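Some notes on the structure that comes next.
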Amino acid sequence: MRIAQTVMLVALLGLITAGTTSAADLSASGLPPIEPYCQWQQTDFMINEPLCGLKGDATRGRAIATDGSRGNCVACHDMPFTDVEGYGTIGPSLAGIGARYPEGYIRLRVVDAKSVNPLSIMPGYYRDPSKIHRPAKMLEGRTFLAAQQVEDVIAFLMTMK
Amino acid sequence: MMDNKALFAAVLLGVLLASPVIAEKLSGYAFVKDETRAMQDDDFANPGLLAMEKGAALFNTPFRPGGKTCAECHGEDGEKLDVQRIAGYPIYDPDSREIVSLQSRVNTCRSRIADDILPTNHPDLIALETFVRHRAQGVPVNVNTAGAERQALLTHGEELYKTRYGLIDMSCHVCHTVYAGQYVRGQKISQGQTNGFPTYRLGTGEMASLNLRITQCMDLMRAEPFPPDSEEMKLLEYYLSARSNGLPIETPAVRY
């Protein structure tokens, strides 16, 4: 019995650490209403103005960055934490990123990394929904993250110095 | 002094060595964790064997009460099936001009005998597919790619492989060709080879056919998956399977 429970627990942990949540999983949690898309401007490979003029919260940003169903930055990037499992080796480490780059530079890479490098694998977290190819039907008209969530993640990344 | 050809060869070699893409064709077996490989190799631990046993039972069960079984024509263990032909699926049938997967081939039999087809990816159909494909375990995948018609289909399939989908905006190619061998959230990305299908997936705790696995991948990309019987899905299955030509069949494999 105890073995069975352990196996279940391990399996459950496996599912959790696997991260990356699919569209089907999202439906269970219910989706917030679609927000109007805020246009953004890039200047010298940066977006200097916060999306929709919003102010980010670093504490919320950390939760979003490490959550498999939201930002999931840890899927591809190493981060200097010991309490989050399952880092990836696809992108560069995010340790000290706030010291290495200005905020506007980071914002453009979170919003739409492919506008800088079209061959990048990195998803754009705030791309114009009308330009997304074959989105899941239930996610049509949506950005990957809400503008507030993007600003929260940026605020968090800026604390990593 | 080097002549032009030697210089060209040296430069080409340098480029190839510097390339992050793994040139060698490798089964997904090479990318999973040691314990996953051990689970696949142990007939008592491999959960895919349960699907295979279910498939064997269905193979010997009449489609309709009192009707025929698969086994009446193909042998109790499917021993009369031609393993070389099994290794060639999905096939392109020039007569019907269609790509035929192993699942749809089983359904053709069922419709001829009992007018009783199963929907694509029905657990019973995946179990039958697993049982049949397992017959060819160890046989290299050998999808026929000869002729202009097949080449055109493969080109189309490759285009779909290289197209980005969904909110995550990734193509199969980006992950399974460019970044194969890298880790995503603690799991190594495979080359997307098909020689293990149907496969037992630790991530879902269920069997997945190649068709179902593509659906799960697209779902993960937050894309609208191609319907199971759509032309795009068949093209992707055909292209991916031909891409795995030469790799020994492992069905039922265990993968993340």
Side-chain angles (χ1 to χ4, degrees), chain A residues 7-8 10-27 31 66-69 72-79 84-91 112-114 118-127 129 131-145, chain B residues 20-21 31-33 35-36 39 45 47 159-160 162-189 200-206 212-227 230 232-233 236 254-256:
Chain A
V7 169
M8 285 284 285
V10 169
L12 192 66
L13 281 173
L15 282 174
I16 293 166
T17 51
T20 356
T21 311
S22 68
D25 297 329
L26 288 172
S27 64
L31 289 164
T66 52
D67 178 352
S69 67
N72 205 16
C73 308
V74 290
C76 295
H77 297 277
D78 190 23
M79 281 187 170
V84 187
E85 278 190 60
Y87 298 111
T89 55
I90 291 175
D112 190 3
K114 286 190 202 84
L119 292 178
S120 170
I121 189 173
M122 184 164 164
Y125 288 85
Y126 198 76
R127 288 168 66 219
K131 291 181 182 155
I132 293 172
H133 178 232
R134 216 182 158 82
K137 280 214 172 74
M138 58 174 295
L139 297 175
E140 268 172 22
R142 289 176 188 277
T143 51
F144 194 117
L145 290 179
Chain B
V21 177
F31 296 93
V32 292
K33 293 176 177 169
E35 55 264 38
T36 310
M39 189 189 265
E159 280 165 16
L160 292 166
K162 290 184 172 171
T163 304
R164 292 177 182 268
Y165 305 100
L167 266 64
I168 293 195
D169 199 37
M170 283 180 199
S171 63
C172 319
H173 173 85
V174 180
C175 266
H176 294 294
T177 302
V178 182
Y179 283 93
Q182 293 289 327
Y183 285 88
V184 66
R185 204 135 191 171
Q187 302 287 337
K188 249 186 196 176
I189 304 175
Y200 179 80
R201 287 201 60 206
L202 297 164
T204 61
E206 284 175 2
L212 186 57
R213 188 67 187 86
I214 293 170
T215 304
Q216 290 165 343
C217 250
M218 291 188 79
D219 202 25
L220 210 61
M221 294 306 109
R222 301 191 187 181
E224 189 61 23
F226 295 120
S230 62
E232 289 95 337
M233 184 61 99
L236 268 173
V254 181
R255 299 284 187 266
Y256 180 73

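Chain letters run A, B, ... following the sequence lines, proteins first, then strands; residues in each count from 1. This is a predicted model, so every value here is computed, not measured. Atom set for the values below is all heavy atoms of this structure, side chains included, hydrogens, waters and symmetry mates excluded.
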Donor-acceptor contact below 3.5 Å, side chain B/Arg222 vs main chain A/Pro135: no
Side chain, backbone, both or neither of A/Ile132 within contact of chain B (heavy atoms, under 4.5 Å): side chain
Portion of B/Thr163 that has a non-hydrogen atom of chain A nearer than 4.5 angstrom: side chain
Pairs satisfying salt bridge (charged side-chain N to carboxylate O under 4.0 Å, His left out), at least one member in residues 175-184 of chain B, at least two apart: none
Most chain B-contacting option - heavy-atom pairs closer than 4.5 Å, from A/Met122, A/Glu140, A/Lys114, A/His77: A/Lys114
Per-residue contact mode, B/Tyr179 against chain A (heavy atom under 4.5 angstrom): side chain
Partner set under side-chain contact (heavy atoms from CB on, under 4.5 Å) for B/Thr36, not counting sequence neighbours: B/Val32, B/Lys33, B/Leu202, B/Val254
B/Met39 vs B/Pro47 side-chain heavy atoms within contact, under 4.5 Å: yes
